[in-house]
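Okay, structure first, notes after.
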Amino acid sequence: MNINVHRSAKLRRLFGILLITVLVSAWAQEENVDPRKGRVTASPTSGNRYSLEQEIQLGRQAADEIERKLTLLPADHPMSRYIASLGNKLVESAPGFKFPYTFKVVEEKSVNAFALPGGPIYIHTGLIQAATESELAGVMGHEIAHVVMRHSTRQSSRQMRAQLPLAILGGVLGTGVGGLAGSLGQMGVSFASGTVFMKYSRDAETEADKVGAQIMYDAGYDPLAIVSFFTKLKEQPDNNRMPQFLSSHPDPGNRAKEITRILSRFPPKQFSQSDSAEFLAAQKALTNTKGGEVKTEASTLHRLALPDIVTSDFKSFQHEGYTIQYPANWRFDGDSVSTVMIYPEGGFSDGTLAYGVMISGFQPTTPASKELDAAMKELMADIEETNPDLRPNGSPQVFKLGSLSARRLDWTGKSAVEEKGEPLKERVRLIALLRKSAVVLYVVFVAPEPDFDGLWPTFEHMLNSLQVR
Ligand code: ZN
């Protein structure tokens with residue numbers, strides 16, 4: 001299933017869900033916008049609990065952490081040099097505080113790019129290979145805009161205000177901010193399986209689009225290129241594998257219209273539509289690296305034999321928000337404050353969960369009384385939006401798990417596991433629980449349809465062992 005994970009590609013999908021509604025105040029009311037010219041002139045400071053220095057420090061620590069897990073293209077590779085020079089050129093046109101930006105290329109076939117607080121920006125080779133030069137500049141301008149507008153620390157500051165009793169998930173952290181991991185979690189940054197996931201709200205996306213367009217305009221690249229890039233990604237034939245960039249940068253809707261509107265404030269300008277010689281040379285060098293392919297080995301997901309993965313031997317995991325038992329021979333991905341994935345060997349690859357379980361948390365936007373139903377609606381909408389193949393089997397069922405009120409819903413979709421060249425059907429079962437603190441904990445069970453019932457006793461053992469704190 002496609003899960004919007006902070007953690008990985010297919011998982012990516014679901015993770016998107018969780019993440020937090022960030023409320024960035026309306027563009028027009030921002031004190032950092034010059035009202036006469038409609039331009040952003042400063043980085044927003046109000047409502048942010050982090051100083052600029054703290055933000056930069058946090059980003060540096062996160063970069064150290066992340067770079068240990070990622071494979072970076074060498075800094076002297078022609079594409080690394082090209083990306084750094086394009087980044088620096090765009091940064092010259094970036095408004096607001098002059099953050100210490102860095103631009104690095106991640107050797108990773110998935111289509112993604114992300115920015116850390118305070119300036120480190122990473123572009124996947126998969127994205128570079130999928131983009132024209134203007135589109136690449138558009139993505140980078142957009143990422144720079146997330147830095148300029150301080151979206152991650154503003155998001156985090158909001159969550160601190162909300163004083164959540166505890167962290168369930170990458171994004172919803174406890175009041176005691178637990179060091180780097182805690183702070184990053186609050187910002188919506190998380191990493192695992194060699195992938196970084198940074199999820200923004202739609203409001204933050206709109207703001208990044210606008211500021212990104214301003215940067216592009218000033219730097220001399222067509223600001224509408226980002227629109228064509230998003231369209232291109234959406235139209236990819238295999239929508240079972242939604243590009244990570246689409247998951248981590250949710251479509252705020254009418255992206256093109258908003259960008260056109262901001263551009264109407266600026267004098268008309270012509271932009272080159274063709275790729276520069278430098279860009280083409282760097283692309284060629286990238287293609288020549290590793291025999292033309294950068295990490296494009298086929299998915300390793302295949303049908304698993306149940307006797308190999310089912311066991312009566314369980315281990316226990318303690319999260320800040322719950323404890324759960326899981327099969328002792330399964331793999332575990334996550335930590336005590338973040339979203340957790342548990343899967344048998346071979347059940348998860350390149351961000352796609354074919355067999356396994358994801359546990360995460362969710363802070364519903366609606367108040368007290370109807371949280372769980374409202375949360376189910378939000379979860380369903382997000383899951384279905386990012387997994388267009390999924391069809392719900394009926395509507396959510398109400399039940400009790402121990403003493404907790406719970407909801408359950410099954411979907412049928414397309415598995416990443418193929419047999420005879422055809423994807424198997426997939427079953428996805430979502431269980432959502434309301435904790436006392438009004439944080440929704442949810443568990444997603446995934447398996448190919450023909451294996452789901454056989455795995456259910458294992459899944460059910462896990463579910464029944466779940467002790468929510
Ligand atoms: Zn974005």
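Note that ligands are numbered from 1 as they come in the structure, with each ligand's atoms numbered from 1 the same way. This structure is a prediction, so every number in the text was calculated from the model and none was measured. Throughout, numbering of the chain's residues begins at 1 and tracks the sequence.
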task = Tell me the protein N, O or S atoms under 2.8 Å from the Zn ion (ligand 1), in chain and number order.
result = His142 NE2, His146 NE2, Glu205 OE1, Glu205 OE2, His249 ND1

query = Got a sec, which residues hit side-chain hydrogen bond (donor to acceptor under 3.5 Å, both in side chains) with Glu67, two or more places apart in sequence or on another chain?
reply = Lys104, Tyr122

Cation-pi, Phe230 ring and Arg255 (6.0 angstrom, 45 degrees) = yes

request  = Go through the structure and list residues passing salt bridge (Lys or Arg N to Asp or Glu O under 4.0 Å) with Asp222, not counting sequence neighbours.
outcome  = none

task = With sequence neighbours excluded, tell me which residues meet ring-ring contact (aromatic ring centres under 6.0 Å, His included) with Phe97.
result = Phe99

ask   = Is the ring centre of Tyr221 less than 6.0 Å from the ring centre of Phe271?
value = no

cation_pi(Arg265, Tyr217) dist<6.0 Å, angle<=45 = no

